[in-house]
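First comes the structure, then the notes that go with it.
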Amino acid sequence: MIPPRFDYHVPSSVGEAITMLTELGSDAKLLAGGHSLLPMMKLRFAEPAHLIDINRIPELRGIREDGADIVIGAMTVENDLIASPILQAKAPLLCEAALLIADPQVRNRGTIGGDIAHGDPGNDHPALAMALDASFLLQGPNGQRSVKADDFFVGTYMTLLEENEIMVEIRLPALAAGTGYAYEKLKRKTGDWATAGCAVVMQKTGDKITHVRIGLTNVGPTALRAEAAEQVLLNQPFGAETVKAASEAAMAICDPAEDLRGDIEYKTAMAGEMFKRAINKAWSRCQ
Ligand SMILES: Cc1cc2nc3c(=O)[nH]c(=O)nc-3n(C[C@H](O)[C@H](O)[C@H](O)COP(=O)(O)OP(=O)(O)OC[C@H]3O[C@@H](n4cnc5c(N)ncnc54)[C@H](O)[C@@H]3O)c2cc1C
């Protein structure tokens, strides 16, 4: 309950925050919504000597359209994703899935950027970002770089973010009209992390699947893109046999950790089940 002592810094621009990160080095941590970092500090799993609060940097918030893309500021909170008319119209998967993240109070603080940067395989945004073909804009002392969601997650709590970099924005292509989507999340209760989850974005032409991207939540050391399963589905007519074969390909890449949510066999089986439900729902929404 009692976090260790730390110094508190409040930059007003991304540049100022990067200067602070660079000067303070590995003793410093960025504070976003604080709903992963502060719980860890209260348990003394993390003991940064400096917190750099990035809540007062307006350029990190907001949702806008940029041509065919949607750009979401890293400090945009979950409840603002749910309420966004742009996302409701052009990436409704994010609105629907954000409702399954934590609870209303946490969603008023927790940010999409923090959810991704934290690198927790239990978090939902990493697999959603993979299904949505998102990329992340990272800014450091030497400028900006863009990294695909597919490549960003290196291990549990490990990402491509350098110590002195800030995630500035999340960019994703707006879903074309008629695109099907779904996020199926098995959890023990409201506000809990997934036992297993599956995010799908899909398009069809006639009875064939012509585009599909799939991300899996909490069944490996990181979120997983189910590429082999996508290959089983792609350019095939939709049907129970194909979905079953694809779910087996998805289960084959699962490597879950055994914990109070279940053992490896149960979590892998539930990943297969969430996969089937998500594919079926996404298909039913394709036009
Ligand atoms: C009760 C409860 C239930 C929850 N349930 C879920 C759930 O079901 N699904 C889910 O996905 N999450 C869940 N969460 C996590 C929650 O959504 C967190 O808020 C989220 O994981 C972290 O986002 P944050 O903005 O709070 O980041 P913080 O806790 O402030 O930061 C987390 C980490 O990311 C780093 N960071 C943050 N922002 C940036 C940035 N822009 N650039 C670089 N590094 C950055 C920080 O330095 C820190 O290391 C839950 C949390 C609670 C307390």
Side-chain angles (χ1 to χ4, degrees), residues 3 6 8-9 11 13-14 17-18 20-21 24 26-43 45-57 59-62 72-82 94 96-129 136-140 144-145 147 152-153 156-170 183-197 199 215 217-218 222-223 261:
F6 56 86
Y8 178 68
H9 309 264
S13 69
V14 172
I18 290 168
M20 287 177 177
L21 270 180
L24 297 168
S26 57
D27 279 346
K29 271 265 168 211
L30 293 174
L31 175 67
H35 274 57
S36 287
L37 182 54
L38 297 184
M40 288 182 115
M41 289 173 65
K42 288 177 169 190
L43 294 166
F45 292 151
E47 300 191 291
H50 301 271
L51 284 188
I52 303 172
D53 184 342
I54 52 174
N55 281 273
R56 314 245 180 106
I57 305 179
E59 66 203 80
L60 288 176
R61 283 187 202 270
I72 305 173
M75 287 297 292
T76 305
V77 299
E78 302 291 350
N79 277 337
D80 287 347
L81 300 180
I82 295 165
L94 272 181
E96 210 171 272
L99 275 168
L100 301 175
I101 294 177
D103 55 53
Q105 286 97 329
V106 172
R107 294 198 291 262
N108 273 333
R109 296 296 308 171
T111 64
I112 182 170
D115 197 276
I116 293 166
H118 195 45
D120 184 339
N123 279 2
D124 296 292
H125 278 295
L128 290 162
F136 310 136
L137 187 66
L138 314 181
Q139 188 168 328
Q144 296 185 328
R145 63 184 176 128
V147 178
F152 183 71
F153 303 98
T156 302
Y157 301 122
M158 286 186 288
T159 70
L160 286 187
L161 263 171
E162 297 288 345
E163 223 167 66
N164 53 9
E165 278 182 314
I166 296 182
M167 183 180 295
V168 179
E169 63 189 30
I170 293 93
Y183 188 55
E184 288 293 320
K185 174 175 177 179
L186 175 69
K187 49 193 164 93
R188 298 172 299 180
K189 60 185 176 64
T190 296
D192 191 20
W193 281 265
T195 300
T217 297
N218 221 7
T222 65
R261 290 188 182 83

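Whatever order the structure lists ligands and atoms in, that order sets their numbers, starting from 1.
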Pair Asn123, Trp193: side-chain N/O donor-acceptor within cut-off below 3.5 Å: yes
Closest protein heavy atom to atom 39 (C) of ligand 1, given as residue, atom name and distance to 0.1 Å: Ala117 CB, 4.0 Å
Numbering as shown, the atoms of ligand 1 that approach Ser36 to under 4.0 Å (heavy-atom distance): 15 (C), 18 (C), 20 (C), 21 (O), 22 (C), 26 (O), 29 (O)
Side-chain H-bond candidate by donor/acceptor type, Glu78 with His125, under 3.5 Å: yes
Distance-only N or O hit between ligand 1 and Ile166, under 3.5 Å: no
Polar contact flag for His35 and ligand 1 (N/O pairs, less than 3.5 Å): yes
Ligand 1 versus Met40: contacting region, heavy-atom distance under 4.0 Å: neither
Contact atoms of ligand 1, heavy-atom distance to Asp192 under 4.0 Å: 8 (O)
Heteroatom proximity flag, Arg109 to ligand 1, N/O under 3.5 Å: no
Sub-6.0 Å ring centroid separation between Tyr157 and His118: yes
Ligand 1 to Asp103 polar contact by distance, N or O atoms, under 3.5 Å: no
No-hydrogen, no-angle side-chain donor-acceptor test under 3.5 Å, Arg109 and Asn79: no
Any Gly34 heavy atom less than 4.0 Å from ligand 1: yes
Atoms of ligand 1 close to Lys29 [distance to a heavy atom under 4.0 angstrom, numbered from 1]: 47 (O), 49 (O)
Residue Tyr8 excluded, over 12 heavy atoms near OH under 6.0 Å: yes
